[in-house]
Each structure stands twice: as C-alpha cells, then as structure tokens.
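Everything numeric in this text was worked out from a predicted model, so none of it was measured. Residue numbering restarts at 1 for every chain, and letters A, B, ... go by the order of the sequence lines.
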Amino acid sequence: MDRARNFMPGPNQELLDAKPLRSLAPMFPAPMGVNINQSSTPPLVVVTPVGQFPTGFGAGSLPAVGSLATFSATANAFSPAGTSANVPIDVTPVSAYKTRSSGVTPRNDDGEPYSVSQTSASERQAKRSAGLAAEGSNGVKVKRPKPIYRNHVSGKLLAFLPTSDSTPREAVEAVHMTFEALRRRHLQMDETLDASRRADLKAGAIMLASDIRANVGKRVGTVPGVEIGDIFYFRMELCIIGLHAPSMSGIDYMSANFGNGEDSVAICIVAAGGYENDDDDTDTLVYSGSGGNSRNTEERHDQKLERGNLALERSLHRKNEIRVVRGFRDPATITGKIYIYDGLYKIQESWKERTKFGINCFKYRLQREPGQRDGAAIWKRTQRWIQNASTRGRVIQHDLSSGAETFPVCVVNEIDHEKGPGHFTYTTEVKYPRPLSSMKALQGCGCQSVCLPGDANCACGQHNGGDLPYSSAGVLVCRKPVIYECGEACHCSLNCRNRVCQKGIRYHFEVFRTTNRGWGLRCWDPIRAGAFICEYAGEVIDELQVNLDDSEDDYIFQTMCPGEKTLKWNSGPELIGKESTYVSPDEFQPLPIKISAKQIGNVSRFMNHSCSPNAFWQPVQYDHGDDKHPRIMFFALNHIPPMTELTYDYGVVGAGTSRSKTCLCGSLTCRGLL
DNA sequence: GTATGTTCAAGATG
DNA sequence: CCATCTTGAACATA
C-alpha cells in the first residue's frame with residue numbers, strides 16, 4: 001500500500017539517496033533512489049543475511065562464509081579458540097578503560113582477537129565508500145570517522161560478542177546482553193560496597209571505551225538489528241546499540257551534505273512520556289523542543305532555534321523519517337521507566353507555545369509512518385489488560401490456573417478453532433516423589449531481618465560463592481550451576497532479597513494459539529533481562545520408574561545442554577577481570593532430574609523451543625538440599641517486550657535419540673532439529 | 001507519593 | 001586536537 005510511494009521521487013528524495021551510504025543498503029542490488037530502509041514491511045525480516053557482504057571488502061578481513069549452515073555448524077560445535085580463529089580481523093588494542101586499570105591489557109596474550117560485529121565492519125565499508133559517493137550528488141558525509149577498536153579484555157574472549165557471521169539482530173543482541181551483564185555485575189558490586197548505584201553509566205563507559213557497540217555512526221531511518229517494540233530500561237542502552245546517540249539529550253541529529261551545502265536533520269527522538277496525551281492515539285505524538293528550562297545558575301529563557309530544535313525544523317521541511325523511542329511509566333519497576341522503540345515517524349507541523357513558566361517553547365507534531373508493526377500500541381493495550389483483564393478480547397478460558405496463581409492465566413486463540421489445550425491439572429510447584437522432609441536439608445543463614453550483600457557472616461551468601469545471586473531489584477546477576485535461596489532454616493525475613501523464585505509468578509501470562517507450534521506462552525508485562533519468569537512445575541520422575549509412555553515426551557523437562565546464547569549468559573565475570581564461568585558444551589554436566597508436566601503442570605509446559613531463545617532454565621534450591629534434583633526456574637535472557645512468545649532452548653539431543661523433531665522456531669540460526 | 005538537588009557522559013561546537 | 005557547552009536521566013534525599 002505504502003510501497004508505491006517509496007518509488008516516487010518526492011521532496012525527500014535527496015535524503016533518501018543519501019541514506020544508503022551509511023547503512024547496509026549499498027550491498028543490495030537496488031535501483032537508484034529506492035529507499036531500502038523505509039520499512040513498509042514489518043522489520044521481522046530486517047536482518048540481513050550474511051551472504052550480502054561482498055567478499056572483497058575490508059582488505060579481505062572477512063571470511064567469505066555466510067551460509068546459515070556454516071553458522072549452525074559453529075554454533076553447535078562451539079569452541080572459543082576455533083571460532084575466533086576463523087575471524088581474522090585488524091585488531092587494535094584497547095587502551096582506554098575508564099574504570100581504571102582493572103581489566104584491560106594490550107593484545108599480548110593467548111586469547112584470539114575477536115570481531116566486534118559485522119555492523120561495525122559494514123560501517124567501515126560505508127565510511128570507505130563514502131568518499132566515492134557514486135550514488136549521486138547527495139551523499140551524506142561522515143563527519144568524524146572514529147577508529148574501530150577491537151576489544152580484548154584481560155585476554156579473555158568477551159562473552160556475547162557477535163562473530164563476523166552474526167546477523168545484525170544477533171550483533172545488537174550480543175552487544176546489548178554484554179551491556180546488561182556488565183550492568184548487573186557492577187550493580188552487584190556497588191550494592192556490596194554500598195557505593196554509587198549508577199551501574200548503567202559504568203557499564204556504558206566500559207562498552208564505549210572498549211568499542212563494544214553496534215551501529216556506530218549516525219543514520220537516518222531504521223537501525224539494522226533493532227526492531228520495533230524492543231524495550232530498554234536505560235538511556236545508555238539506546239546509545240550502545242546505535243539507536244539514539246546522546247546520553248541525555250532527547251534529540252539525536254546529524255549534519256549531512258545535500259549537495260547544496262551542509263544541513264542538519266533530526267534522526268531520532270526520545271519522547272520521555274512526561275506529557276500524557278490522548279490514550280488511544282499512539283500514532284501521533286507532540287514533542288517539545290529542548291532548552292530553556294531553568295538550570296541551577298541560569299534563568300529560564302525562550303527556546304532557541306538551534307541544535308536539536310533546528311534539526312527538527314529542518315526535518316519538518318525535508319520530511320525525513322525520524323526514529324521515535326517512547327518512554328512510559330512502568331508500574332512494575334520502582335524507578336518506573338521503560339523505553340519502547342516505536343519505529344519511524346515524520347514531522348507534520350511545528351509551532352511555538354508559551355509554557356506555564358512563561359517561556360516560548362517549540363512543539364512538533366509527529367505522525368507515525370503507516371505500515372509498521374505495533375510498538376507502543378502494544379504497550380498501551382497490555383497495560384489496559386493488566387489493569388482490567390476483562391478488556392482482553394478473544395479469551396476462551398479466563399484462568400487456566402483456577403485461582404492458583406496470583407494473576408489469572410488466560411487462554412486465547414486468534415488462529416483457529418481449537419478450544420484450548422488438552423486436560424491437565426494446574427499446579428504452581430514441582431512435586432517430588434518423596435516428601436521434602438525425607439530429602440537432604442538445605443543449610444540456612446543466621447541473618448537478622450534481611451541478608452545483605454557483602455556480609456561475610458551470611459551463610460547463604462557464602463553458599464552462593466560470596467555474592468548474593470540477585471540484585472536488590474530481584475534480578476539474577478549471572479547463571480550458576482545452582483542458586484541457593486534462603487529457606488526455612490534461615491533466620492531472615494521473607495523480604496530478604498535472596499528469596500525470589502520461591503515467591504512465585506509475578507506476571508500476567510497468557511497461553512495462546514501459535515500458527516504452527518500448537519500452544520505457546522507469552523506475557524502482558526515487559527520482562528527485563530535476568531528477571532525470574534516461572535518454575536517448570538510438574539512431577540519429578542523417579543529414576544527407578546522405567547518405560548515412560550512416549551506420548552509424555554512432549555512435556556518432559558531434562559537438563560540438556562542449551563545453545564551458545566544461553567551458555568554465555570554467565571559470562572559477566574571476565575568482563576570485569578574475574579575468572580570466566582563459561583561452561584562449554586563439552587564440559588556441560590546434565591542433572592539426573594526429569595520433570596513431567598503431562599498430568600500436572602503450570603504455564604511452563606507451554607513454553608516452546610527456540611534456537612534463539614529469550615529465556616533459560618536455572619537450577620534453584622530453597623526447600624531441600626538435594627543438588628541433583630533442584631527446582632528448575634526460568635529467567636529472561638534479555639529484555640522481553642510484552643506479547644513476545646517466551647521460549648527456551650530445549651537443548652541438543654544426543655545422537656540416536658528417538659526424540660528429535662524438526663524445529664519450527666524460525667530463528668535464522670536454527671539448528672534444524674530438537 | 002512527589003519535589004528537589006546532585007551527579008553523570010556523549011557528542012556537538014568553537 | 002582540545003576545551004567548553006549542552007543536555008536530562010537516574011537516583012538519593014527531603
């Protein structure tokens with residue numbers, strides 16, 4: 001529908017021509033003047049296959065690989081040295097590390113150099129070709145090409161770094177997960193020392209000093225690997241993935257050469273959501289210009305038409321697309337803020353307005369480009385459902401848990417006429433074959449009131465390896481073989497931060513009909529990386545019990561080795577110079593526990609497999625001490641936007657198992673079988 | 001709950 | 001190349 005417009009020359013043509021210089025677009029065999037980045041199609045397909053990279057560029061530094069088969073092979077048989085050995089790349093030692101000497105050594109060590117991301121590689125390509133500017137007279141000049149640093153911290157491979165054959169989505173995810181790992185780790189350390197809590201800034205400083213980032217350089221339009229609906233909790237996250245560069249300012253803009261001189265255009269805004277306008281209309285947005293507000297030393301004054309304000313004004317006339325990140329109050333978090341990437345908008349009009357403080361301020365009305373998938377609209381919708389569950393339509397069962405969970409678990413089918421999942425009994429917890437009292441007891445701590453991080457006398461802290469596993473916000477810092485929460489033997493209160501999973505589900509789940517994978521699980525709430533999601537409830541199968549019915553296989557949980565994305569979630573330590581806790585697939589030790597959710601279970605039994613999952617399982621103990629049969633808890637691998645299907649990696653099945661099935665996860669790095 | 005003050009870093013600018 | 005300026009978020013405290 002909107003497509004025809006993309007091919008028409010219009011007032012924005014020069015800008016459209018300018019754009020591909022800074023994106024992946026030149027690699028497409030596209031006719032001149034076609035705006036490739038303009039997403040009239042949903043950005044689900046925005047990922048660029050690696051094969052798009054010309055084999056010759058970058059001084060031959062990129063391998064001429066790129067088939068998905070190649071990637072799956074490396075993903076399956078991951079070995080750190082082997083993988084990186086395939087990635088020769090020009091390495092520059094990291095020399096700056098803002099948090100002092102702790103981590104960085106020049107490249108003198110045994111580890112292999114590692115590629116930051118293909119996005120950076122493409123940036124280099126873009127910068128090299130920028131001089132040629134063969135695309136026409138309107139090439140955008142890159143104003144300040146920055147050196148591309150390679151990161152090499154303490155001689156260790158950095159946890160989540162994408163390889164050169166990562167898709168843009170994987171590159172962004174990898175950078176983002178690295179940031180989150182660093183942030184959680186620094187928060188944990190800060191809380192131990194009761195020091196400053198700006199772990200977001202610390203993580204950001206390390207990321208930028210090491211140049212671990214995606215989509216370096218400014219661009220108009222979509223950012224490769226960033227999808228509409230993606231959620232964030234800190235401004236620094238937007239910065240390191242290349243969505244919105246300024247760490248504070250709400251307006252990101254760039255200068256460009258349009259053939260007839262330099263001009264500035266706005267490229268991204270963060271609408272902080274302070275001004276709640278009409279509820280239902282998420283497609284228009286009124287944004288206020290910046291400046292003029294009173295500062296400590298200055299008086300209030302009228303806003304001036306300069307910098308960001310000027311760029312917005314120029315963008316009104318150029319009619320270029322502007323990315324919009326919308327901030328909302330998130331009632332679920334204490335600080336209560338969440339940022340949602342809402343896709344591309346255009347400015348319709350601007351005007352001056354006198355504020356209540358009596359100063360003139362600029363206002364801009366933005367209209368969302370049609371044909372994009374919902375972003376902020378989903379947030380508004382799910383928040384409404386959370387406030388009043390009866391506003392959720394298409395419900396075929398209002399509470400699958402029959403009141404067992406704090407919040408009802410509804411069942412919806414928007415696909416076909418299935419009436420609901422087959423019968424089972426809902427239970428909130430796993431059920432052991434033997435009474436808990438007969439199992440080995442878990443040791444407890446003697447802490448009064450609550451356990452505190454850094455308390456050497458807290459037995460639970462010591463049991464967990466010295467640190468409490470959760471931050472004060474209840475977010476898991478790092479994967480571990482087992483996590484020991486405080487339990488009955490502990491003297492601390494139920495408010496202790498070391499009691500998370502035992503408090504049960506805190507989200508509004510819905511079981512929904514998928515198009516091709518039966519029933520699936522998703523959530524109305526946003527879930528931040530590291531947050532506890534749910535337990536795998538069911539019956540623990542006694543090892544003595546044999547001859548299981550095959551039909552039960554679909555609902556059996558076993559601790560099989562998950563893929564790389566999950567395994568690397570525990571790689572925070574080496575980022576701050578501590579010993580890596582990475583467990584390679586070779587070293588992976590499965591637990592004997594098997595849980596069947598065929599007869600009894602909870603929402604977890606509806607979680608489908610994905611080779612690129614957003615959740616992972618983690619053994620947790622709190623009501624007994626038998627480490628071979630822990631409870632299995634699911635946590636978020638990365639931030640999960642509302643209404644995103646929750647998936648985990650079912651793991652690699654050993655050869656000769658009758659259980660292998662064709663995988664339908666649809667991930668670009670799908671292993672094919674499960 | 002909310003009002004206010006302090007501190008912070010990236011990138012533009014001169 | 002470097003110093004200065006511009007921004008408002010995040011959080012602590014009142």
Side-chain angles (χ1 to χ4, degrees), chain A residues 96-100 141-147 149 179 182-184 186-187 190-191 193-219 232-256 262-275 287-312 314 325-331 333-340 355-357 359 361-362 471-473 475 528:
Chain A
Y97 205 75
K98 299 199 175 173
T99 50
R100 235 182 318 280
K141 271 193 201 152
V142 177
K143 296 215 81 176
R144 291 195 298 168
K146 287 177 62 179
Y149 294 106
F179 171 87
L182 271 171
R183 192 193 64 82
R184 291 190 307 267
H186 275 274
L187 183 59
D190 287 353
E191 288 180 337
L193 301 170
D194 200 21
S196 123
R197 303 289 162 83
R198 293 303 300 269
D200 55 324
L201 297 183
K202 286 177 186 165
I206 296 169
M207 300 286 289
L208 295 173
S210 314
D211 206 52
I212 310 172
R213 55 197 302 183
N215 300 305
V216 182
K218 305 221 171 190
R219 73 195 66 220
F232 309 93
Y233 291 87
F234 294 94
R235 288 288 302 267
M236 200 54 84
E237 298 172 59
L238 311 177
C239 181
I240 55 148
I241 61 164
L243 184 59
H244 184 91
S247 58
M248 292 175 169
S249 170
I251 308 168
D252 194 2
Y253 60 101
M254 64 187 281
S255 352
E262 292 268 307
D263 199 359
S264 68
V265 284
I267 54 178
C268 186
I269 62 166
V270 180
Y275 334 84
Y287 188 78
S288 304
S290 66
N293 288 325
S294 89
R295 307 269 302 281
N296 296 344
T297 52
E298 298 163 34
E299 295 280 306
R300 286 184 222 278
H301 57 81
D302 288 353
Q303 289 187 346
K304 295 174 188 154
L305 194 60
E306 55 185 23
R307 300 187 181 85
N309 298 344
L310 179 61
L312 285 169
R314 299 303 305 141
V325 179
R326 304 187 69 157
F328 293 98
R329 262 197 53 77
D330 177 10
T333 59
I334 302 168
T335 47
K337 195 142 205 190
I338 187 170
Y339 299 98
I340 302 174
T355 69
K356 59 181 175 182
F357 301 114
I359 62 162
C361 122
F362 294 106
S471 74
S472 58
V475 169
R528 70 189 301 171

Student: A/Glu306 CD to B/dG14 C1': how many Å, rounded?
Tutor: 13 Å
Student: What's the CZ-P distance between A/Phe232 and C/dA10, to the nearest Å?
Tutor: 13 Å
Student: I need the full list of salt bridge (charged side-chain N to carboxylate O under 4.0 Å, His left out) pairs touching residues 239-254 of chain A, with sequence neighbours left out, sorted by first then second residue.
Tutor: A/Lys218-A/Asp252
Student: For A/Lys304 and C/dT7, give me the distance from atom NZ to atom C1', rounded to whole Å.
Tutor: 14 Å
Student: Is it the case that the side chain of A/Ser471 and the backbone of A/Ala473 share a donor-acceptor pair, with hydrogens and angles ignored and the cut-off at 3.5 Å?
Tutor: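 A pair under 3.5 Å: yes.
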Student: Thinking salt bridges, do A/Asp200 and A/Lys202 make one under a 4.0 Å N-O criterion?
Tutor: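 Salt bridge flag = no for A/Lys202 with A/Asp200.
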Student: Got a donor-acceptor contact below 3.5 angstrom from the A/Glu237 side chain to the A/Phe232 backbone?
Tutor: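 Here the side-chain-to-backbone pair does not exist.
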Student: Under the 6.0 Å and 45° cation-pi test, does A/Arg528 pair with A/Tyr233?
Tutor: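 Satisfied, under 6.0 Å and within 45°.
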Student: Without decimals, in angstroms, what is the distance between A/Ile212 CD1 and B/dA10 P?
Tutor: 14 Å
Student: Would you indicate, yes or no, if B/dA10 has its OP1 or OP2 atom less than 4.0 angstrom from a side-chain nitrogen or oxygen of A/Tyr253?
Tutor: no
Student: Just how far, in rounded Å, is P of B/dA10 from NE2 of A/His244?
Tutor: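 Result: 14 Å.
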Student: Just jot down the salt bridge (charged side-chain N to carboxylate O under 4.0 Å, His left out) partners of A/Arg314, sequence neighbours excluded, or say none.
Tutor: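 Expected list: A/Asp263.
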Student: Nearest to the side chain of A/Ser290, which nucleotide is it out of B/dG11, C/dT7, B/dA12?
Tutor: C/dT7
Student: Between B/dG11, C/dA10, C/dT7, which nucleotide gets closest to the side-chain atoms of A/Ala245?
Tutor: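 Of B/dG11, C/dA10, C/dT7, B/dG11 is nearest to the side chain of A/Ala245.
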Student: Let's see if you can work this out: which of C/dT7, B/dC8, C/dA10 has an atom nearest to the side-chain heavy atoms of A/Arg235?
Tutor: C/dA10
Student: From A/Asp330 CG over to A/Tyr339 OH, what is the distance, rounded to the nearest 0.5 angstrom?
Tutor: 12.0 Å
Student: Rounded to the nearest angstrom, tell me the gap between atom CG in A/Leu201 and atom C1' in B/dC8.
Tutor: 6 Å
Student: Between protein and nucleotides 12-14 of chain C, what N or O pairs are separated by less than 3.5 Å?
Tutor:
none

Student: Tell me: CZ of A/Arg213 to P of B/dA9, nearest whole Å?
Tutor: 15 Å
Student: In whole angstroms, how far is the C1' atom of C/dA9 from the CD1 atom of A/Ile338?
Tutor: 16 Å
Student: Name the closest nucleotide to the A/Phe234 side chain, picking from B/dA10, C/dA10, C/dT7.
Tutor: C/dA10
Student: Could you tell me whether A/Asp200 contacts a base, only the sugar-phosphate backbone, or nothing, with contacts defined as non-hydrogen atoms closer than 4.0 Å?
Tutor: sugar-phosphate
Student: Using a cut-off of less than 4.0 Å, is there contact between a side-chain N or O of A/Tyr339 and OP1 or OP2 of C/dA10?
Tutor: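 The answer is yes; a side-chain N or O of A/Tyr339 sits under 4.0 Å from OP1 or OP2.
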Student: Hey, which of these two, A/Met236 or A/Ser249, hits DNA chain C nearer its 5' end, going by closest nucleotide?
Tutor: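 The answer here is A/Ser249.
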Student: Among B/dA10, B/dT13, C/dA9, which is the nearest nucleotide to the side chain of A/Ser247?
Tutor: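 Of the options given, the side chain of A/Ser247 lies nearest B/dA10.
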